[in-house]
Amino acid sequence: MPDLDAVFASLADPTRRAILARLAIGEATVLDIAKPFSMTQPAISRHLKVLEGSGLIVRRVEGAKHPCRLAPDGLATIEPWLDMLRAALTKNYDRLDGVLAAMTPNLGKDPT
Amino acid sequence: MTKLTMTVEGDHNFIVTRRFATPPQAVYRAHLEPALIQRWMLGPEGWTMPVCVNEARPGGKIRYEWADGAGHRFYLTGEFVELTPFSKIVHVERMHMPDATPDNHVETRFESDGAGTLMTMRMTLPNPETRAVMLASGMEFGMEASYVRLDAMI
């Protein structure tokens, strides 16, 4: 089971989140992963090292290549993801309460 | 009191429920009319939705684009499958990061609940990995809260 602090620190970077999203589609090499980013391969490799260290991805050796994929155990730690999504949804729906109140101005008010 | 519930079910599903003070008609409309959606489906302060396409008919297209004013943007696309006024919306959607994630099948129900509405949003993902990424996509919006948590941890 990955260390939660390491998972959070790992997820705090937008590039690393984008890399995880890419890996959800399937296994990929450093070259594949680097393509959509305006970053050097060593920079991407450093991000992969952080992700690997926090247990979110695993790498295997295939000749000179080291394809990466999501670690099944890493994704089992779904709590941090849920916490963050909860924060986003709560804000959205609180705002929707305001929109709904404006659509139905008489609701919840005294009939004066 | 929190009105929001989130439930992970099996390997493929994610369910969100929320109660609203207004009847289903208003809640249903607020999920379909771009001018209304652009006022609430925004995430943390500072984010806006400059593009909101919502063709509310079976087969109609969906495109939401978010921006934070600091150069960060991301978007999702989708299609409507079924619309039952004012009780049910079925659509598929995918995030672009920038590659498209596999389709998320979303069924949103609006039921009368006293004077208000109980909304139940049921998402079905093709596999657990895709579900994790769908949940993670909320992070783009939820990170602010998690940074606060990180500060507390460090």
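All of these numbers come straight from a predicted model, not from anything done at the bench. Reminder, nothing fancy here: chain letters follow the sequence lines and each chain counts from 1.
- Remark: A:D94 does not engage B:K3 in a salt bridge, criterion side-chain N to carboxylate O under 4.0 Å.
- No chain of hydrophobic side-chain contacts below 4.5 Å, direct or via other Ile, Leu, Val, Met, Phe, Trp or Tyr residues, connects B:V90 to B:L32.
- Linking ILVMFWY side-chain heavy atoms closer than 4.5 Å, directly or via other members, places B:F110 and B:M6 in a single hydrophobic cluster.
- If you chain together hydrophobic residues whose side chains sit under 4.5 Å apart, A:V50 and A:V58 never meet in one group.
- Taken to the nearest 0.5 Å, the CG atom of B:L4 stands 5.5 Å off from the CZ atom of A:R86.
- Only the side chain of B:R18 comes within less than 4.5 Å of a heavy atom in chain A; its backbone stays farther off.
- Under a 4.0 Å N-O distance rule, the pair A:D97/B:R19 does not qualify as a salt bridge.
- Atom CG in A:L96 sits 9.0 Å away from atom CG in B:L36 (nearest 0.5 Å).
- The distance from the CE atom of B:M41 to the CG atom of A:L89 is 10.0 Å, given to the nearest 0.5 Å.
- Residues A:L100 and B:A30 share a closest heavy-atom pair of CD2-CB, 4.0 Å.
- With side-chain heavy atoms closer than 4.5 Å counting as contact, directly or through intermediates, the hydrophobic cluster containing B:V51 also holds B:V53.
- Residue contact with chain A, scored on non-hydrogen atoms closer than 4.5 Å, involves the backbone and the side chain of B:V27 alike.
- Across B:W40 and A:R95, no two heavy atoms sit closer than the pair O-NE, 3.3 Å.
- A distance of 8.5 Å separates CZ in B:R39 from CE in A:M103, rounded to the nearest 0.5 Å.
- Residues B:F14 and B:V92 do not share a hydrophobic cluster, clusters being chains of Ile/Leu/Val/Met/Phe/Trp/Tyr side chains in contact below 4.5 Å.
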message: Working note: A:K91 + B:L42, criterion side-chain contact (heavy atoms from CB on, under 4.5 Å); need CA distance, chi angles, decisive distance, verdict.
response: CA-CA 8 Å; A:K91 269 214 153 107; B:L42 302 175; over 6 Å; no
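- The hydrophobic clustering, which links ILVMFWY residues whose side-chain heavy atoms are closer than 4.5 Å, places B:I15 and B:F20 apart.
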